[in-house]
There are 2 protein chains.
Amino acid sequence: MVIVTDDTADNKQTMDNLLKYIRSLTSFSETSWELLQPALTKKTFKKKELLLEQGQVCNSLFYIDNGYCKSYYDIDGVQKNTGFFFENEIATNINSFGSGQKSGFNIVACEPLIAIVFDKDKLFQATKQTHEIETLGRNCIRLFATKQEEFSTLFKLYSAQERLEYLEAKYPEMLQRVSLSQLASFLGVARETLSRIRKRRTLA
Amino acid sequence: MVIVTDDTADNKQTMDNLLKYIRSLTSFSETSWELLQPALTKKTFKKKELLLEQGQVCNSLFYIDNGYCKSYYDIDGVQKNTGFFFENEIATNINSFGSGQKSGFNIVACEPLIAIVFDKDKLFQATKQTHEIETLGRNCIRLFATKQEEFSTLFKLYSAQERLEYLEAKYPEMLQRVSLSQLASFLGVARETLSRIRKRRTLA
DNA sequence: TTTATCCTGTGATAATAGTCACATAATTAA
DNA sequence: TTAATTATGTGACTATTATCACAGGATAAA
């Protein structure tokens with residue numbers, strides 16, 4: 001028995017994953033998919049490799065096929081994490097991408113990463129061809145907005161411990177894959193504090 | 001000299017404001033503007049009147065022409081503010097509007113409010129007619145996402161005092177128009193704490 | 001394997017923020 | 001105008017979190 005595992009087959013799988021993701025968001029014809037192709041490039045990143053660097057303009061959307069990445073600000077040499085992006089999510093700086101302003105944060109691969117990069121200019125070309133691509137874009141941004149709103153609300157409504165419990169309930173994968181110190185930064189608490197909160201919870 | 005101040009003139013002014021706002025976001029032809037009309041209704045709200053109620057599905061976008069409103073969660077009878085929306089902003093629950101899920105929060109007029117309501121179904125009809133309306137929608141959501149991201153980042157990067165200073169620098173209008181106790185909730189601190197932070201700052 | 005690096009846990013202490021109580025000021029309604 | 005309501009300031013005290021220091025464990029690289 002021969003199992004095909006060459007690059008071509010891998011690429012096909014990755015592209016299939018993306019199409020499946022897209023179709024989970026909106027109806028998407030074969031024609032739209034063909035029109036979208038010129039905007040797409042498969043790309044791999046090594047662990048710790050930057051997808052986006054602070055000070056640069058973000059001209060890409062990154063569909064995460066495998067691995068995960070995070071966004072972070074560098075504040076006086078300390079990394080403050082603001083988001084984690086796993087499989088079947090889009091990572092980007094939506095503000096920089098949309099407005100052309102410089103990005104205030106970095107995006108870095110936390111594991112070896114397989115992504116499909118959407119080129120902004122080519123995507124906008126494709127967008128003009130069909131409503132489906134435009135609708136896709138709108139839905140992607142809406143999901144992004146919803147998530148941001150969700151996390152910003154977390155801080156207004158809940159204590160650090162409640163925020164942790166929320167993530168445990170709603171994003172268990174994040175807890176599994178992200179280290180305590182990385183998560184602490186995202187939750188806006190010191191790692192020591194998160195360690196103690198976790199201990200309190202396992203005792204109680 | 002006769003100054004025309006009847007309803008018709010008022011409506012025209014409000015509509016003109018909206019068109020100006022739209023054209024600040026994207027190019028928008030007279031044709032698109034005409035196509036959009038069926039989706040629009042001018043509406044006024046009294047102070048404390050609800051634009052959106054928790055548990056209802058949000059089927060509207062509210063362009064704020066005059067006055068301001070806020071979004072808040074009711075947690076055990078206590079109002080926790082999550083957003084303020086002033087003139088030339090769009091207030092809505094983007095998640096509920098986009099997904100059809102019930103809203104988890106309320107939106108209420110904090111002053112007598114003049115708004116233009118976008119009806120969802122009619123807006124979607126209009127969206128199919130021209131790319132410009134779809135692009136407008138995408139830009140509105142992007143602005144919304146950017147703002148949510150900005151505020152959620154605030155909590156991860158800054159202390160309560162730094163968050164206040166950020167608002168003072170970037171959204172001075174909010175400080176002017178929103179009372180201390182309302183703002184405290186938005187900043188995720190007790191009103192007493194915000195009062196003391198403010199005192200510390202005026203002394204220093 | 002061995003070293004180096006990173007991650008986690010924990011004590012001690014300081015800083016920050018929350019809660020309760022109450023006085024006063026400001027605003028709104030009668 | 002007066003009364004009622006709402007908003008703010010502040011003291012006292014408690015709770016939570018940050019910071020520093022250091023030890024031990026896990027992981028990765030040589």
Side-chain angles (χ1 to χ4, degrees), chain A residues 46-49 67-68 70 72-81 84 108-113 154-168 174-204, chain B residues 45-49 67-68 70 72 74-81 84 108-113 154-168 174-204:
Chain A
K46 291 175 192 153
K47 187 173 174 174
K48 298 191 184 175
E49 196 177 345
Y68 79 96
K70 69 169 187 180
Y72 70 95
Y73 285 77
D74 189 309
I75 307 283
D76 303 327
V78 179
Q79 290 188 8
K80 302 267 194 174
N81 301 329
F84 295 100
V108 67
C110 299
E111 294 177 352
L113 203 71
L154 267 187
F155 286 91
K156 288 166 191 155
L157 302 188
Y158 303 131
S159 68
Q161 176 165 347
E162 289 169 324
R163 295 200 292 275
L164 175 63
E165 287 165 3
Y166 183 91
L167 289 190
E168 280 174 343
M174 198 187 285
L175 281 283
Q176 303 251 321
R177 295 178 72 179
V178 174
S179 75
L180 180 139
S181 34
Q182 297 297 308
L183 191 69
S185 167
F186 178 74
L187 283 172
V189 294
R191 61 162 196 84
E192 295 93 333
T193 302
L194 187 57
S195 172
R196 287 175 182 123
I197 287 173
R198 205 165 65 168
K199 187 187 174 191
R200 274 210 304 271
R201 281 182 44 69
T202 54
L203 295 179
Chain B
F45 295 87
K46 290 174 194 155
K47 187 173 174 173
K48 296 191 185 176
E49 195 177 346
Y68 80 95
K70 69 169 186 180
Y72 70 94
D74 189 308
I75 307 283
D76 303 326
V78 180
Q79 290 188 9
K80 302 266 192 174
N81 302 328
F84 296 100
V108 67
C110 300
E111 295 177 351
L113 203 70
L154 268 188
F155 286 92
K156 289 166 191 154
L157 302 189
Y158 303 130
S159 68
Q161 175 165 347
E162 288 169 325
R163 294 200 293 275
L164 174 64
E165 287 166 2
Y166 183 92
L167 290 190
E168 280 174 342
M174 198 186 285
L175 282 283
Q176 302 250 321
R177 295 177 73 179
V178 174
S179 76
L180 179 139
S181 33
Q182 297 297 308
L183 191 69
S185 168
F186 178 73
L187 283 172
V189 294
R191 61 162 196 84
E192 295 93 332
T193 302
L194 188 56
S195 173
R196 286 174 183 126
I197 287 173
R198 205 164 65 168
K199 189 187 174 192
R200 272 211 306 272
R201 280 182 45 68
T202 54
L203 295 180

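Quick caveat: nothing in here was measured; it's all calculated off a predicted structure. Residue numbers start from 1 in every chain, and the chains themselves are labelled A, B, ... in the order their sequence lines are given, proteins ahead of strands.
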key: Reading 5' to 3' through nucleotides 24-30 of chain D, protein heavy-atom contacts under 4.0 Å coded B for base, S for sugar-phosphate only, - for none   = -------

task = Kindly write out the residues that satisfy ring-ring contact (aromatic ring centres under 6.0 Å, His included) with A/Phe186, not counting sequence neighbours, or none if the list is empty.
result = A/Phe84, A/Phe151

ask   = With a 4.5 Å limit on heavy-atom distance, are the side chains of A/Leu183 and A/Leu167 in contact?
value = yes

key: salt bridge (Lys or Arg N to Asp or Glu O under 4.0 Å) pairs, two or more places apart, involving residues 179-192 of chain B   = none

ask   = Nearest-Å distance, CG (B/Leu183) to C1' (D/dT6)?
value = 17 Å

task = Search all heavy atoms of A/Ala109 against all heavy atoms of A/Lys46 and return the closest pair with its distance.
result = CB-O, 3.4 Å

key: side-chain contact (heavy atoms from CB on, under 4.5 Å) against A/Arg163, all qualifying residues, sequence neighbours excluded   = A/Leu154, A/Phe155, A/Tyr158, A/Ala160, A/Leu187, A/Val189

ask   = By side chain to side chain donor-acceptor pair (under 3.5 Å), which residues pair with B/Tyr68, not counting sequence neighbours?
value = none

task = Could you list the residues that satisfy side chain to side chain donor-acceptor pair (under 3.5 Å) with A/Lys80, not counting sequence neighbours?
result = none

ask   = In which ranges does DNA chain C form stems of 3 or more consecutive Watson-Crick or G-U pairs, distances under 3.5 Å?
value = C:1-30 with D:1-30

request  = Using atom CG of A/Leu187 as one end and atom P of D/dA18 as the other, report the distance to the nearest whole Å.
outcome  = 11 Å

inquiry  = If the condition is side-chain contact (heavy atoms from CB on, under 4.5 Å), which residues does A/Gln161 pass it with, not counting sequence neighbours?
reply    = A/Ser159, A/Glu165, A/Ile197, A/Arg200, A/Arg201

task = Please list, chain by chain and in numerical order, all residues satisfying side-chain contact (heavy atoms from CB on, under 4.5 Å) with A/Val108, sequence neighbours excluded.
result = A/Leu50, A/Lys70, A/Tyr72

request  = Could you tell me which residues satisfy salt bridge (charged side-chain N to carboxylate O under 4.0 Å, His left out) with B/Glu49, sequence neighbours excluded, listed by chain and number?
outcome  = none

key: Reading 5' to 3' through nucleotides 3-17 of chain C, protein heavy-atom contacts under 4.0 Å coded B for base, S for sugar-phosphate only, - for none   = ----SBBBBB----S

